[in-house]
Chemist: 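Got a structure for you, written out below as structure tokens; questions coming shortly.
This one's a predicted model, so the numbers in the text were calculated from it and none came from an experiment.
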Amino acid sequence: MPVAVISGTTSGLGREFVDAVMGECPEIDEIWMIARRRDWLEPIAAEYPHMRFVCLPLDLAQGASYEVLKNELEIRKPDIGVVVANAGVASAGLVAESQPESLERMIRLNAIGSTLLIRLCLSYVRRGSFIIQVSSVSAFAPNPNLTVYSATKAYASFFAAGLREELKPRGINVLRLNPGNMRTAMQSSVADHPDRAHGSTAAKLPFIDMAKFARTALRKARAGCASYTMHPVYKAYRVLAKLVPMRLLTPFSWG
């Protein structure tokens, strides 16, 4: 029974991936949804009586969650065909003015969380499967005012690229996914931060179609692609970030 494991499924891009997997991956018979709140997970599962779901109310910023996940994997021994490491959090603000707890949570969830989720799943991922590591266009260059967030996403990008090479002999592809602005609760909380009132470049950038983005990402991952960025503006930014020295680009990349 091929399984898809998706983190951060209760809203935003993660929620779109639930629909996208059912549309693009007909071989998947069961979806494991990972997010903090069971009362948000179960209504999603109830929308699709034809699909089998495993709801795992886990906070991937907390170390204890990985023991729970490890036990579930050992008990169920799933045949994993798709892994989407999507759970993440963003918090705007100058580093010197940010709460240490907020910075720590970003690092734990965005960097450590995705790493350990994928590591635990790897023992059950079969040949011909694929993994999607959700990074961000914020990883292309440092984003002042989103400094820690963009740093965690740079980590995610390097992790995905290196892991892809490691898993080639096993016939498993890893896609590095680079979303731009999305109409999500997380994006709204960042956009409303007072430090973004002036000089924010990201606030002026276009929004992407999340449903289309998730579906295309699955197709790209299955086809063996290494990276996917949607929208001409973000594609151009990616090229620019490769050509312009970081010290010159960073002052224009305020989050």
Chemist: So if you build clusters from Ile, Leu, Val, Met, Phe, Trp, Tyr with side-chain heavy-atom gaps below 4.5 Å, do L69 and L122 land together?
Modeler: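 Yes: a chain of side-chain contacts under 4.5 Å links L69 to L122.
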Chemist: Are the side chains of V5 and V82 in touch, meaning some heavy atoms are under 4.5 Å apart?
Modeler: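 Not touching, per the 4.5 Å side-chain cut-off.
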Chemist: Test side chain to side chain contact (heavy atoms under 4.5 Å, CB included) on S227 and N178 and set out the steps.
Modeler: CA-CA 8 Å; S227 180; N178 308 304; 3.1 Å; yes
Chemist: Test of understanding: with side-chain contact (heavy atoms from CB on, under 4.5 Å), list the residues that count as partners of R108, not counting sequence neighbours.
Modeler: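 Per chain and number, R108 pairs via side-chain contact (heavy atoms from CB on, under 4.5 Å) with A61, E104, I112.
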Chemist: Tell me, do E16 and F213 make a side-chain contact under 4.5 Å, heavy atoms counted?
Modeler: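 A side-chain contact is absent here, since even the closest heavy-atom pair is not under 4.5 Å.
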Chemist: What pair of heavy atoms forms the shortest contact from S114 to A111, and how long is it?
Modeler: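 Heavy atoms only, the tightest pair is OG-O, 3.2 Å.
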Chemist: List in chain and number order the residues that pass side-chain contact (heavy atoms from CB on, under 4.5 Å) with V244, two or more places apart in sequence or in another chain; answer none if no residue qualifies.
Modeler: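 Per chain and number, V244 pairs via side-chain contact (heavy atoms from CB on, under 4.5 Å) with L240, L248, L249.
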Chemist: Hydrophobic cluster mates of L243, side-chain heavy atoms under 4.5 angstrom, ILVMFWY only, any path?
Modeler: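 For the cluster that includes L243, the remaining residues are V239.
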Chemist: For a side chain to side chain contact (heavy atoms under 4.5 Å, CB included) check, start with the C-alpha distance between F130 and L218, then their side-chain angles and the critical distance, and finish with the verdict.
Modeler: CA-CA 9 Å; F130 58 83; L218 291 169; 3.7 Å; yes
Chemist: Quick check against the 3.5 Å criterion: does N181 have a side-chain atom that pairs as donor or acceptor with the backbone of L205?
Modeler: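 Indeed, once roles are kept as given, a pair shorter than 3.5 Å links the two residues.
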Chemist: Residues two or more places apart in sequence or in another chain: which of them pass side-chain hydrogen bond (donor to acceptor under 3.5 Å, both in side chains) with Q99?
Modeler: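 Partners of Q99 by the side-chain hydrogen bond (donor to acceptor under 3.5 Å, both in side chains) criterion come out as none, since no residue qualifies.
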Chemist: Within the 4.5 Å heavy-atom criterion, are V174 and I118 side-chain neighbours or not?
Modeler: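 Answer no - side chains too far apart.
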Chemist: Treating R222 as the side-chain partner and G128 as the backbone partner, does any N or O pair qualify as donor plus acceptor under 3.5 Å?
Modeler: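 Here the side-chain-to-backbone pair does not exist.
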Chemist: Honestly curious: do M22 and M210 fall in one hydrophobic cluster under the side-chain, below-4.5 Å linking rule?
Modeler: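 Linked, M22 and M210 end up in one cluster.
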Chemist: Spell out, as yes or no, whether a donor-acceptor pair under 3.5 Å connects the side chain of R52 to the backbone of M1.
Modeler: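 A pair under 3.5 Å: no.
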Chemist: Using side-chain hydrogen bond (donor to acceptor under 3.5 Å, both in side chains) as the criterion, list what pairs up with S7, not counting sequence neighbours.
Modeler: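 S7: no side-chain hydrogen bond (donor to acceptor under 3.5 Å, both in side chains) contacts found.
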Chemist: Taking NZ in K235 as the centre, count heavy atoms belonging to other residues, nucleotides or ligands within less than 6.0 Å. Is the count above 12?
Modeler: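 Atom NZ in K235 is packed in, count exceeds 12.
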Chemist: Spell out, yes or no, whether L120 and L167 are grouped together once hydrophobic residues are joined by side-chain heavy atoms under 4.5 Å, including indirect joins.
Modeler: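 Linked, L120 and L167 end up in one cluster.
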Chemist: So which heavy atom on V125 is nearest to which on R170, and how close?
Modeler: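 Looks like O-NH2, 3.2 Å.
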Chemist: Step through the shown structure and confirm whether more than 12 heavy atoms of other residues, nucleotides or ligands are within 6.0 Å of CZ on R219.
Modeler: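 Enclosed.
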Chemist: Identify the two heavy atoms, one from R164 and one from G224, that lie closest to each other, and give their separation to 0.1 Å.
Modeler: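 Closest pair (atom of R164, atom of G224, distance): NH2-O, 2.7 Å.
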Chemist: Using atom types as modelled and distance alone, determine if a side-chain donor or acceptor of Y66 lies under 3.5 Å from a backbone N or O of L60.
Modeler: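 Such a contact is found between Y66 side chain and L60 backbone.
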Chemist: Return the set of residues passing side-chain hydrogen bond (donor to acceptor under 3.5 Å, both in side chains) with R126 (not counting sequence neighbours), or none when no residue passes.
Modeler: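 Result, side-chain hydrogen bond (donor to acceptor under 3.5 Å, both in side chains) vs R126: D79.
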Chemist: What residues, two or more places apart in sequence or in another chain, satisfy salt bridge (charged side-chain N to carboxylate O under 4.0 Å, His left out) together with D19?
Modeler: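 Checked D19 against salt bridge (charged side-chain N to carboxylate O under 4.0 Å, His left out); matches are R15.
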Chemist: Quick one: list whatever passes side-chain contact (heavy atoms from CB on, under 4.5 Å) with R119, sequence neighbours left out.
Modeler: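 R119 satisfies side-chain contact (heavy atoms from CB on, under 4.5 Å) with S123 once adjacent residues are dropped.
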Chemist: Atom CH2 in W254, atom CG in N143: separation rounded to 0.5 Å?
Modeler: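 Answer for the CH2-CG pair, W254 versus N143, is 10.5 Å.
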Chemist: On a heavy-atom basis, which atom in V137 and which in G180 lie closest, and how many Å separate them?
Modeler: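 Closest approach of V137 to G180: CG2-CA, 3.8 Å.
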Chemist: Could I get the full list of side-chain contact (heavy atoms from CB on, under 4.5 Å) partners for E42, not counting sequence neighbours?
Modeler: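 By the side-chain contact (heavy atoms from CB on, under 4.5 Å) rule, E42 matches R38, C55.
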Chemist: Rounded to the nearest 0.5 Å, how far does CD of Q133 lie from CG of L117?
Modeler: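 Rounded to the nearest 0.5 Å, the CG-CD separation comes to 9.0 Å.
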Chemist: Measure the shortest side-chain to side-chain distance between V3 and Y124 over non-hydrogen atoms and say whether it is less than 4.5 angstrom.
Modeler: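 Side chain of V3 against side chain of Y124, heavy atoms only: no contact under 4.5 Å found.
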Chemist: Calculate, to the nearest 0.5 Å, the distance between atoms CD and OG belonging to E97 and S102 respectively.
Modeler: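 One gets 13.0 Å once the value is rounded to the nearest 0.5 Å.
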Chemist: Is there a side-chain contact between I132 and F17 (heavy atoms, below 4.5 Å)?
Modeler: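 Side chain of I132 against side chain of F17, heavy atoms only: contact under 4.5 Å found.
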Chemist: Might you point out which heavy atoms bring S138 and Y149 nearest each other, and give the distance in Å?
Modeler: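 Reported closest heavy-atom pair: OG-CE2, 3.7 Å.
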Chemist: Closest heavy-atom contact between C121 and V83?
Modeler: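 In this case the closest contact between C121 and V83 is CB-CG2, 4.0 Å.
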Chemist: Look at the side chain of N86 and the backbone N and O of G8, then say whether any donor-acceptor pair between them is shorter than 3.5 Å.
Modeler: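 Yes; at least one donor-acceptor contact below 3.5 Å.
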Chemist: In sequence, state the C-alpha distance, the side-chain angles, and the governing distance for I80 and L73, and then conclude on side chain to side chain contact (heavy atoms under 4.5 Å, CB included).
Modeler: CA-CA 10 Å; I80 298 179; L73 289 166; 4.2 Å; yes
Chemist: Starting from the C-alpha separation in whole Å, work towards a yes-or-no answer on side chain to side chain contact (heavy atoms under 4.5 Å, CB included) for T10 and R37.
Modeler: CA-CA 8 Å; T10 50; R37 297 183 57 174; 5.7 Å; no
Chemist: Please determine whether residues L116 and M106 belong to a single hydrophobic cluster, defined as Ile, Leu, Val, Met, Phe, Trp and Tyr linked transitively by side-chain heavy-atom distances below 4.5 Å.
Modeler: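 As far as the 4.5 Å side-chain criterion goes, M106 and L116 are connected within one cluster.
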Chemist: Applying side-chain hydrogen bond (donor to acceptor under 3.5 Å, both in side chains), name anything that partners E67, two or more places apart in sequence or on another chain.
Modeler: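 Expected list: none.
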Chemist: Under 4.5 Å between any side-chain heavy atoms of M182 and I208, yes or no?
Modeler: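 A side-chain contact exists here, since the closest heavy-atom pair is under 4.5 Å.
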Chemist: Taking the side chain as C-beta and beyond, is there a heavy-atom pair between S91 and R105 under 4.5 Å?
Modeler: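 In short, these two side chains do not touch, never coming nearer than 4.5 Å.
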Chemist: Roughly how far, to the nearest 0.5 Å, is the OG atom of S136 from the CG atom of L146?
Modeler: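 Interatomic distance, L146 CG to S136 OG, rounded to 0.5 Å: 8.5 Å.
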Chemist: Sequence neighbours excluded and cut-off under 3.5 Å, please list the side-chain donor-acceptor pairs for residues 153-160, or say none.
Modeler:
residue : atom : partner : partner atom : Å
K153    : NZ   : V134    : O            : 3.2
Y155    : OH   : T115    : OG1          : 2.7
S157    : OG   : S135    : OG           : 2.7
S157    : OG   : K153    : O            : 3.3

Chemist: Is it true that T152 and N110 share a donor-acceptor pair across their side chains at a distance under 3.5 Å?
Modeler: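 There is such a pair between these side chains.
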Chemist: OG of S253 to OH of Y237: how many Å apart, nearest 0.5 Å?
Modeler: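 So the OG of S253 and the OH of Y237 are separated by 3.5 Å.
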Chemist: Just verifying a value: how many Å separate L94 CG and N145 CG, rounded to the nearest 0.5 Å?
Modeler: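 Answer rounded to 0.5 Å: 5.0 Å.
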Chemist: Whether the side chain of D59 engages the backbone of R36 through a donor-acceptor N/O pair (distance < 3.5 Å, no angle test) should be reported.
Modeler: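 Judged by distance alone, no pair lies under 3.5 Å.
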Chemist: Pairs in or reaching into residues 206-218: which pass salt bridge (charged side-chain N to carboxylate O under 4.0 Å, His left out), with residues at least two apart or in two chains?
Modeler: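 Output for this query lists E24-R215.
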Chemist: If two hydrophobic side chains count as joined below 4.5 Å and joins carry through other members, does V89 share a cluster with L103?
Modeler: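 Same cluster: V89 reaches L103 through Ile, Leu, Val, Met, Phe, Trp or Tyr contacts under 4.5 Å.
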Chemist: Quick check: do R76 and V54 have side-chain heavy atoms less than 4.5 Å from each other?
Modeler: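 A side-chain contact under 4.5 Å exists here.
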